[in-house]
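Worksheet: the structure to be examined is printed underneath.
Letters A, B, ... mirror the listed sequences (proteins, then strands); counts begin at 1. Everything numeric here is computed off the predicted structure, so don't read it as measured data.
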There are 2 protein chains.
Amino acid sequence: MQVTPELLSAFPSLKPLPPATLARLAQESEVRKFARRGVVMTAGVREEFVCFLFEGRLQGVDFTIDGREVGLYFVEPGDFCGELGMFDHGPQPEFVIALTAVVTVFVPMESLRLVTMENPMLLKLLGQRLAARVRQLTRQRSLLGLPNISQRVCCQLWLLVSDDARQHLQSSVINNPPTHMEIAIMLNLSRETVSRVFQILQTRNIVRRDGTSLLHVSDSAALKRLADGSEEL
Amino acid sequence: MQVTPELLSAFPSLKPLPPATLARLAQESEVRKFARRGVVMTAGVREEFVCFLFEGRLQGVDFTIDGREVGLYFVEPGDFCGELGMFDHGPQPEFVIALTAVVTVFVPMESLRLVTMENPMLLKLLGQRLAARVRQLTRQRSLLGLPNISQRVCCQLWLLVSDDARQHLQSSVINNPPTHMEIAIMLNLSRETVSRVFQILQTRNIVRRDGTSLLHVSDSAALKRLADGSEEL
DNA sequence: TTAGCTGAGTGACTACAATCACATAGTAGC
DNA sequence: GCTACTATGTGATTGTAGTCACTCAGCTAA
């Protein structure tokens, strides 16, 4: 399918590029759609594209030697993934799979590399991105160190709460929350355990579900206390 | 203490820089020594230096909210740490502590940033470094996903084995192996559990200790089988 | 030599999360 | 509306790693 420069400029990281550059990139890029559970990027393969997510939600996952799934991060619309090879030409370290039906734009890595030569700003942005990724991985790693399981779940939930709800301890809504299974995979837990923690949170009126696509966090303050360990479940 | 350009050029990443640049950097840098268990970098603080390790061994660690220590990575002589702020001016995400007495060279981040402007090569190298860090964090994360504890320990040990011993399945030696405690912290285990796994490995003549500073891996093939799960302990 | 420290080895006990095996609820497709 | 999934909820059981409480070994520094 045809990619227009307008489509590309919908992505915050590409928006600041000069129109001519966008036009050229658009020519070389392609739209790809994936069904739920589709494999967007394959681990161990030298992917030659950076994948920009237009619609839907992606997850970076890995598999342990014995086949167990390990959740690494989520990708939201407007964001991108598979950029690691931009820096070291190495293979994609983890799988990226579609959690919902998704629409993506694949931009060839080599073209993007050329663009970074002329636009140090983009290079800088990529660097910041990568740094953010390291920070996220580090935070996630320390989350896994928590010996208390419900605290782990609450911390993860807390990370999904929007920034200003976090700041002001307001009640808030998480859109398209991950399934219990997806959370379990992120936190090295079994699905049942996550389910049980949610059960307690719901009976305590701390969170409330509303269909599959909404999760109300009614009592942010309590969630925060549970997340930082000042209160036990 | 005075830093000489020669000292700086001992670091592979700085070696390719022009002598004039090295001389300038040397002027602005300083040698810092730390005792075992000394805090080299503090989490949450905007450290204004990149720390190059000359002698000894460092470990990146984090602490969970409840105070449990979480091991992230090791830094060996010639390598550096604390470079994340180079990319996003953000705070240091994790602590770096000295596992042994260490000698480091602190190079001001701002000076280094100026140098990267004139030396894209250094910038590229930093990018590769960061990419490698992401890969390492990802690998470590999937290690933590292993439900079988002894496999986890064996995998970690396997990562400590030198590359060519890994390739040719030769017996080899690990210098200054981490203590059981350090391994436990890396792998989210208790010290006792690591101890028990080592006990089994030793009675099976797969590894053998030789003082505190040497660990012989006598049966690399067996260690590999245990690491990849084709054999159970 | 002795004291003091850190690292390592080990048994007993226990808590707790995984697993299994279901039931039930929602949703999406036809 | 019916069917087929996928997601979720829940009890019973069990394995296993954490914890505690020691001992012992090795190093270093008075």
Side-chain angles (χ1 to χ4, degrees), chain A residues 35-38 57 59 64 66-70 97-101 144-154 157 174 176-204 207-215 232-233, chain B residues 35-38 57 59 64 66-71 97-101 144-154 157 176-204 207-215 232-233:
Chain A
R36 185 178 152 67
R37 287 261 127 198
R57 197 222 277 267
Q59 186 178 28
T64 59
D66 62 338
R68 170 178 293 233
E69 204 176 349
V70 168
I97 56 170
L99 292 179
T100 63
L144 288 177
L146 284 172
N148 183 321
I149 259 60
S150 27
Q151 197 181 356
R152 217 141 94 197
V153 176
C154 293
L157 259 179
I174 299 173
N176 297 309
T179 65
H180 293 182
M181 191 58 193
E182 281 156 16
I183 294 176
I185 286 168
M186 290 284 282
L187 301 179
N188 265 0
L189 298 172
S190 71
R191 204 250 325 146
E192 292 89 331
T193 301
V194 175
S195 216
R196 289 187 238 264
V197 173
F198 264 84
Q199 224 34 38
I200 303 177
L201 289 177
Q202 271 158 1
T203 56
R204 289 220 198 168
V207 303
R208 180 168 52 81
R209 0 192 358 168
D210 182 356
T212 39
S213 59
L214 289 177
L215 184 74
E232 287 251 339
L233 209 57
Chain B
R36 183 177 153 69
R37 287 261 130 199
R57 197 221 277 267
Q59 185 176 27
T64 59
D66 63 336
R68 171 178 292 231
E69 204 175 348
V70 168
I97 56 170
L99 291 179
T100 62
L144 288 177
L146 285 171
N148 183 322
I149 260 59
S150 25
Q151 196 180 356
R152 216 140 97 197
V153 176
C154 292
L157 260 180
N176 297 310
T179 64
H180 292 183
M181 192 58 194
E182 281 157 15
I183 294 176
I185 285 168
M186 292 282 283
L187 300 179
N188 264 2
L189 298 171
S190 72
R191 205 251 325 147
E192 292 90 330
T193 302
V194 174
S195 213
R196 288 188 240 264
V197 173
F198 265 84
Q199 226 33 40
I200 304 177
L201 289 176
Q202 271 159 359
T203 56
R204 289 221 200 166
V207 304
R208 179 167 52 82
R209 356 190 359 169
D210 183 355
T212 39
S213 60
L214 288 178
L215 185 74
E232 288 250 340
L233 208 57

Atom-to-atom span, [atom1] of [X] to [atom2] of [N] - whole angstrom:
| X | N | atom1 | atom2 | answer |
| --- | --- | --- | --- | --- |
| Leu215(B) | dG7(C) | CG | P | 16 Å |
| Leu189(A) | dC16(C) | CG | P | 14 Å |
| Asp210(A) | dA7(D) | CG | C1' | 16 Å |
| Leu214(A) | dA7(D) | CG | P | 17 Å |
| Ile200(B) | dA17(D) | CD1 | C1' | 13 Å |
| Ile149(B) | dA17(C) | CD1 | C1' | 12 Å |
| Asn188(A) | dC16(C) | CG | P | 19 Å |
| Leu99(A) | dA7(D) | CG | P | 10 Å |

Are [X] and [Y] close enough that some pair of their side-chain heavy atoms sits under 4.5 Å apart?
| X | Y | answer |
| --- | --- | --- |
| Ile149(B) | Val197(B) | yes |
| Asp66(A) | Pro147(B) | yes |
| Arg209(A) | Thr212(A) | yes |

Distances under 3.5 Å between protein N/O atoms and the N/O atoms of nucleotides 9-11 of chain C, please, pair by pair.
from	atom 1	to	atom 2	distance (Å)
dG9(C)	OP1	Gln199(B)	OE1	3.1
dG9(C)	OP2	His180(B)	ND1	3.3
dG9(C)	OP2	Ser195(B)	OG	3.0
dG9(C)	N7	Arg191(B)	NH1	3.1
dG9(C)	O6	Arg191(B)	NH2	3.3
dT10(C)	OP2	Gln199(B)	NE2	3.3
dG11(C)	N7	Arg196(B)	NH1	3.2

Exercise for review: Considering non-hydrogen atoms only, spot the tightest contact between Gly71(B) and Gln59(B) and give its length.
Suggested key: CA-NE2, 3.8 Å
Study note, to complete from the structure: Closest non-hydrogen contact found for Pro177(B) with Leu214(B) is CD-N, 3.9 Å
Quick one: does any side-chain atom of [X] pair with a main-chain N or O of [Y] as donor and acceptor, under 3.5 Å?
| X | Y | answer |
| --- | --- | --- |
| Arg36(A) | Leu99(A) | yes |
| Glu182(B) | Thr179(B) | yes |
| Asn188(A) | Leu144(A) | no |

**Study point:** For Arg57(B), all residues meeting side chain to side chain donor-acceptor pair (under 3.5 Å), sequence neighbours excluded
**Key:** Glu76(B)
Classify [X] by what it touches in the nucleic acid, base, sugar-phosphate, or nothing, heavy-atom distance under 4.0 Å.
| X | result |
| --- | --- |
| Asn148(A) | nothing |
| Ser190(B) | base |
| Arg68(B) | sugar-phosphate |

**Study point:** Contact under 4.0 Å: Arg36(B) side-chain N or O vs dG7(C) OP1/OP2
**Key:** yes
Would you list the protein and nucleotides 25-30 of chain C atom pairs, both N or O, that sit under 3.5 Å from each other?
from	atom 1	to	atom 2	distance (Å)
dT27(C)	OP1	Thr212(A)	N	3.4

